[in-house]
Amino acid sequence: MPMIIIVILLAVLPINNGISTVNLSGYDYFGLFFGAFLLIVGLAVFQTGTFQGLTKVGQYMGNSLSRQPKFFIIVVFSFLLGALITCAEPSIIIVASQIEINTFLLIGSIAVGVGVFVVIGVVRITQHASLKVWYLFFYLIVFLLVCLIAIDDTSRQFLPFIFDAGGITTGSATVPFILSLGTGIAIARGKHPHEDSFGLVGMASIGPIITMTILLLANRSGFDPYAIQLPAPYADAGGIFGDILHALLPSGLTHLGSLIEVGMALAPILAIFFIYELIYIKLPKAEITKLMTGFAMSYIGLVIFLTGVGAIMSPFGTRVGVALGEINSDWLIIGICFVIGLVTIVCEPAVHVLTTQINEASDGYIKKSTILGALSIGVGLAIGLSAMRSIFNFNIMYIIVPGYFLSLALMFVTPNLYTAMAFDAGGTASGPMSVSFVLPMIIGMTHSRHDLPTESVAYYTQSFGVVALIAMFPILTVQLLGVYLQVKKLIQLRVTRGVTTDPNDAQIIHF
């Protein structure tokens, strides 16, 4: 609803030299509210099914794998489940439908990266290795690979999209599953269960960046130019329902529709789990029925959600971006995008899963509102900077490189728990709403502001990277929050110690 309210305000308030920014007809309002209805219902049903299905699978697999005596079994099934759950992630399906690259190659590369790094994260937990050292090591590998791409004029244009690949990986499907998997293994085998429960999502985000970099190095010509779709205002209700049917149903081999895409994404997860379940877990029939009900709800919810995104919300995001690009004041555009960023985080379902787990792991000391506030500021800065980059056309690496080096440096002054939570928070912040609305908005703004053709490589350079920034800035804000709370705690201890050692204090303390 916050996103819908912002679109309506842009349509009614005369903030662009006395006129409204976005022109909406009566059918546009109907389409906007109907699209919001599809997203709300779809995501609600999907989340309910996820907690009954995908999350339960993660818990069962985590608990069972942690007791496996054969390390080979842990590695194989962690990889398969990490890779397959990625194929069901709404954010990846949305981006794959927008990019002019083979869908199976794109999703396959990202899935392999996630699977490998889920295994690495599980190994780290079982071996009680330092999360900070592992993050430092793998991010150094990332930036060495980036240097290899940056020296090539053609390949460097796609660097923003490569970093986006890490951000779109972790969303409403993967986060609950990976958090449950990490928690199950940490409780059984972790040295510090509370700390080891976090960090696996952040580790999984590294894998796609590396695999997409390798894919681009193997194909120096890069990807095809991005083709922006410029939607027209709705003239009647038939256009709205026609777009919905097109997004829902298959039409040829290149467009499978959400009905088929979601089924193809969820079926392998079910198959792998039931193979493992029949051999090792052997659940009662009643629990199997609950899991199947959860998977059925996940399927229905994800179909409804992706249909609403593809048919209505992504086109609206593009229209809002085109309208914002026509505003004369650069700083007004940046300010509006900052406000959109503040409320975007509230719309991400995976964030609420993470904040709940953080609150429980800290026994209520770290409040959900505190983490949500830190994430909100981080995402606001990310989208504001993305708008600035779209307008002034400067290289995203001027933000990415200092940002990640600062976060890696902060690891050595931030408490371990906050480091793990920070990198997980970065992964969860960039979910389906960021990909379905914010990314098309920035692309539309770039097209409008610079009068680019509808098909151009420049969209990769100037527009993509917004998801990467949405994933990076919450890492910094949560780390800084951790430093602040740690300093606050030390000050409170010092004050308490001063009171208890006051020579004028005549109280008798009974132990």
Side-chain angles (χ1 to χ4, degrees), residues 86 89 91-92 94-96 98-99 101 106-107 109-114 117 135 138-152 154-171 174 201-217 222-223 226 341 378-379 381-390 393-408 422-431 434-435 438-439 442-443 446 457-476:
T86 304
E89 176 53 50
S91 301
I92 296 175
I94 293 167
V95 170
Q98 297 175 352
I99 303 297
I101 183 176
L106 176 65
I107 296 179
S109 301
I110 293 174
V112 168
V114 173
F117 273 78
Y135 273 147
F138 286 113
Y139 271 107
L140 287 176
I141 291 177
V142 165
F143 284 106
L144 285 173
L145 290 171
V146 165
C147 290
L148 293 177
I149 291 180
I151 59 177
D152 183 76
T154 303
S155 299
R156 77 161 67 102
Q157 299 175 90
F158 304 101
L159 274 174
F161 174 71
I162 288 175
F163 279 95
D164 275 354
I168 64 175
T169 301
T170 45
T174 51
V201 174
M203 191 69 72
S205 300
I206 302 173
I209 300 175
I210 293 178
T211 52
M212 291 303 295
T213 304
I214 294 171
L215 179 65
L216 190 56
L217 287 171
F223 309 135
Y226 182 84
V379 175
L381 290 171
I383 298 180
L385 276 173
S386 297
M388 188 183 296
R389 191 171 65 87
S390 173
N393 190 20
F394 58 88
N395 196 321
I396 193 175
M397 301 313 291
Y398 292 134
I399 307 173
I400 290 285
V401 174
Y404 273 106
F405 272 86
L406 178 59
S407 67
L408 294 175
F423 280 87
D424 279 0
T428 57
S430 50
S434 301
V435 173
V438 176
L439 178 58
I442 298 295
I443 292 171
T446 305
V457 179
Y459 293 113
Y460 284 105
T461 308
Q462 294 177 238
S463 302
F464 281 89
V466 58
V467 181
L469 295 182
I470 290 173
M472 185 189 75
F473 271 90
I475 298 175
L476 294 170

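Here the structure is a predicted model, which means the values were calculated and not measured. Reckoned from all heavy atoms, side chains included, excluding hydrogens, waters and symmetry mates.
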Can you tell me which residue among Ile209, Thr211, Ile206 is in a side-chain contact (heavy atoms from CB on, under 4.5 Å) with Phe117? Ile206
Minimum heavy-atom separation for [X] and [Y], please, with both atom names.
| X | Y | result |
| --- | --- | --- |
| Val114 | Pro208 | CG2-CG, 3.7 Å |
| Arg389 | Asn395 | CD-C, 4.4 Å |
| Gly167 | Ala471 | CA-CB, 4.2 Å |
| Val379 | Gly341 | CG1-O, 3.3 Å |
| Thr169 | Ala204 | CG2-O, 4.4 Å |
| Met472 | Gly403 | SD-CA, 3.7 Å |

Compare all side-chain heavy atoms of [X] with those of [Y] and state whether any distance is below 4.5 angstrom.
| X | Y | value |
| --- | --- | --- |
| Leu145 | Leu148 | yes |
| Phe163 | Leu469 | no |
| Met203 | Tyr135 | yes |
| Leu439 | Ile168 | no |
| Val466 | Ser434 | no |
| Phe161 | Leu216 | no |
| Ile396 | Thr461 | no |
| Leu217 | Ser155 | no |

What's the separation between atom [atom1] in [X] and atom [atom2] in [Y], rounded to the nearest 0.5 Å?
| X | Y | atom1 | atom2 | answer |
| --- | --- | --- | --- | --- |
| Ser390 | Leu385 | OG | CG | 12.5 Å |
| Phe405 | Leu140 | CZ | CG | 6.5 Å |
| Ser386 | Ile470 | OG | CD1 | 6.5 Å |
| Ile107 | Ile92 | CD1 | CD1 | 7.0 Å |
| Ile399 | Leu381 | CD1 | CG | 10.5 Å |
| Ile151 | Arg156 | CD1 | CZ | 9.0 Å |

Test side chain to side chain contact (heavy atoms under 4.5 Å, CB included) on Ile475 and Tyr404; report intermediate values, then the result. CA-CA 9 Å; Ile475 298 175; Tyr404 273 106; 4.2 Å; yes
For Phe464 together with Tyr226, are the ring centres under 6.0 Å from each other? yes
With side chain to side chain contact (heavy atoms under 4.5 Å, CB included) as the test, would you mind laying out the steps for Tyr460 and Asp164 before giving the verdict? CA-CA 10 Å; Tyr460 284 105; Asp164 275 354; over 6 Å; no
Check against side chain to side chain contact (heavy atoms under 4.5 Å, CB included), Leu106 and Met212: CA-CA 8 Å; Leu106 176 65; Met212 291 303 295; 3.6 Å; yes
